[in-house]
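Shown next, in structure tokens, is the structure this report addresses.
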Amino acid sequence: MDTVRGRRTIRVTKKGDTLSASLIANKPLVAKYQDNQVIGSWADAANNRIVYAQILTSLSNTPVATASISNIVWKFNGAVISDSDAKFEKTVYNIGSIQVPALKIKADIMNGITTTSSIEFSADVYTGGYTTKINCFISVIRENVSANTYSAYIIDKDGRGATITSEFPTVNLEAVLEKGGVVLSAGLTYQWFRMTLDSVKDLANDTLADNRETLVGKTSKTLSLTKKDVDTYDTFMVDIKENGQFVKSAIISVRDETDTLDFQYNITGSEG
């Protein structure tokens, strides 16, 4: 869903390099309201949202770092965000060992807005000896919730972009279930899965062909992953039940920055 992962843009540049860029939020960009009163204000430090830019280049298996990114512009609903705007803070975020541009949201930016909003990022990216202009965006949604509205998501507990690195070889995921905008903890059970198109893995631990590999024994609120659990880039899902009744699922993608088997390519000869 684009309230967690933004729309991706792809640019092809010289020397066979392909850049793909997207914005990712550390928590869903869904502002919850009841009777026009905000639930879980983003102005509280614990509820601040961070949106970071992930720009991937085919010349390596790691995101492009801030040192190779210039002329950065952030926009909210088409208007450039100034350095003095107290609702936002231009900062950086670590995807594994790589530092990338980020924007912290420190206010309830959906107050007075009833339609979907957007945050946009544009910049010049230098890779392979050439500079390429990229842009991408992510949606911000206002949702009117009742006391019985459920929502679920998965966070990286350590805030490192759900990426395995040599320095940090373990990713710790945590499943979160909210009801009426309030995080629940009692009476919940969990089952974790790895998404797969391999029918053998799909049916290895259950009889349901659903493109999910059931992770046997992974039934707690948290899931710890190392490089042996991730094949370069995998997507994980959790089903959450309340008092034995299924209520919500959530997904997250995890990267293994240390995977040396990631495909890379280059073009030799004439580039017509």
Side-chain angles (χ1 to χ4, degrees), residues 1-9 21-55 72-93 95 100-123 134-157 159 161-162 173-185 238 240 247-253:
M1 56 188 289
D2 63 3
T3 52
V4 176
R5 290 183 176 268
R7 305 296 176 89
R8 184 176 296 276
T9 60
S22 65
L23 295 181
I24 302 174
N26 67 332
K27 296 179 182 179
L29 297 181
V30 181
K32 298 180 174 64
Y33 289 79
Q34 284 184 17
D35 299 324
N36 215 34
Q37 298 297 312
V38 66
I39 304 298
S41 173
W42 292 1
D44 297 336
N47 295 327
N48 287 171
R49 264 48 176 175
I50 297 177
V51 177
Y52 57 95
Q54 177 177 266
I55 305 167
I72 295 171
V73 176
W74 292 94
K75 294 181 180 180
F76 179 59
N77 285 339
V80 175
I81 298 173
S82 67
D83 293 339
S84 60
D85 192 333
K87 298 187 297 296
F88 303 95
E89 178 185 337
K90 297 173 185 176
T91 183
V92 293
Y93 186 86
I95 304 179
V100 300
L103 183 73
K104 180 182 288 187
I105 305 173
K106 304 192 297 181
D108 296 310
I109 58 176
M110 295 301 287
N111 283 348
I113 300 176
T114 58
T115 58
T116 300
S117 296
S118 68
I119 292 174
E120 183 179 351
F121 172 87
S122 63
I134 61 95
N135 67 283
C136 47
F137 72 94
I138 191 168
S139 298
V140 186
I141 295 174
R142 173 170 173 149
E143 183 177 278
N144 295 315
V145 299
S146 70
N148 295 315
T149 301
Y150 286 96
S151 61
Y153 53 93
I154 301 169
I155 62 172
D156 172 5
K157 291 182 63 178
L173 305 179
E174 181 177 346
V176 180
L177 181 69
E178 296 181 354
K179 186 177 183 181
V182 178
V183 176
L184 299 180
S185 58
V238 63
I240 307 176
V247 285
K248 280 287 182 180
S249 294
I251 63 173
I252 193 172
S253 296

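A quick note: this is a predicted structure, and the numbers were derived from the prediction, not measured. What's counted below: heavy atoms across the whole structure, side chains too, no hydrogens, waters or symmetry copies.
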Is a side-chain donor or acceptor of Y33 paired with a backbone partner of N111 at a separation under 3.5 angstrom? yes
Just by modelled atom types, is the I81 backbone N or O under 3.5 Å from a matching donor or acceptor in the K90 side chain? yes
Please confirm whether the backbone N or O of S41 pairs with a side-chain atom of N47, one donor and one acceptor, at under 3.5 Å? yes
Whether the side chain of N26 engages the backbone of V51 through a donor-acceptor N/O pair (distance < 3.5 Å, no angle test) should be reported. no
Criterion side chain to side chain contact (heavy atoms under 4.5 Å, CB included) on L29 and I105, from CA distance to verdict: CA-CA 10 Å; L29 297 181; I105 305 173; 4.2 Å; yes
Quick check: does any side chain N or O of D85 sit under 3.5 Å from a backbone N or O of K87, one acting as donor and the other as acceptor? yes
Minimal heavy-atom distance between Q34 and G180, with the atoms involved, is NE2-O, 3.4 Å
Parallel, tilted or perpendicular: which fits the ring planes of F88 and F76, with parallel below 30° and perpendicular above 60°? tilted
Go through it in stages, so that I can follow the logic: the residues are N148 and K179, the test is side chain to side chain contact (heavy atoms under 4.5 Å, CB included), and I'd like the CA-CA distance, side-chain angles, deciding distance and then a yes or no. CA-CA 6 Å; N148 295 315; K179 186 177 183 181; 3.6 Å; yes
State, with a plain yes or no, whether a side-chain heavy atom of I113 is found less than 4.5 Å away from one of N77. yes
Might you point out which heavy atoms bring A250 and Y153 nearest each other, and give the distance in Å? CB-CA, 3.6 Å
Is Y52 reaching over with its side chain to a backbone N or O of V100, donor-acceptor style, under 3.5 angstrom? no
Side chain to side chain contact (heavy atoms under 4.5 Å, CB included) between N144 and R142: does it pass, once the steps are laid out? CA-CA 7 Å; N144 295 315; R142 173 170 173 149; 4.0 Å; yes
Would you check if the side chain of R49 reaches a backbone N or O of P28 as a donor-acceptor pair within less than 3.5 Å? yes
Would the distance check show the side chain of N135 and the main-chain N or O of S122 forming a donor-acceptor pair, the cut-off being under 3.5 Å? no
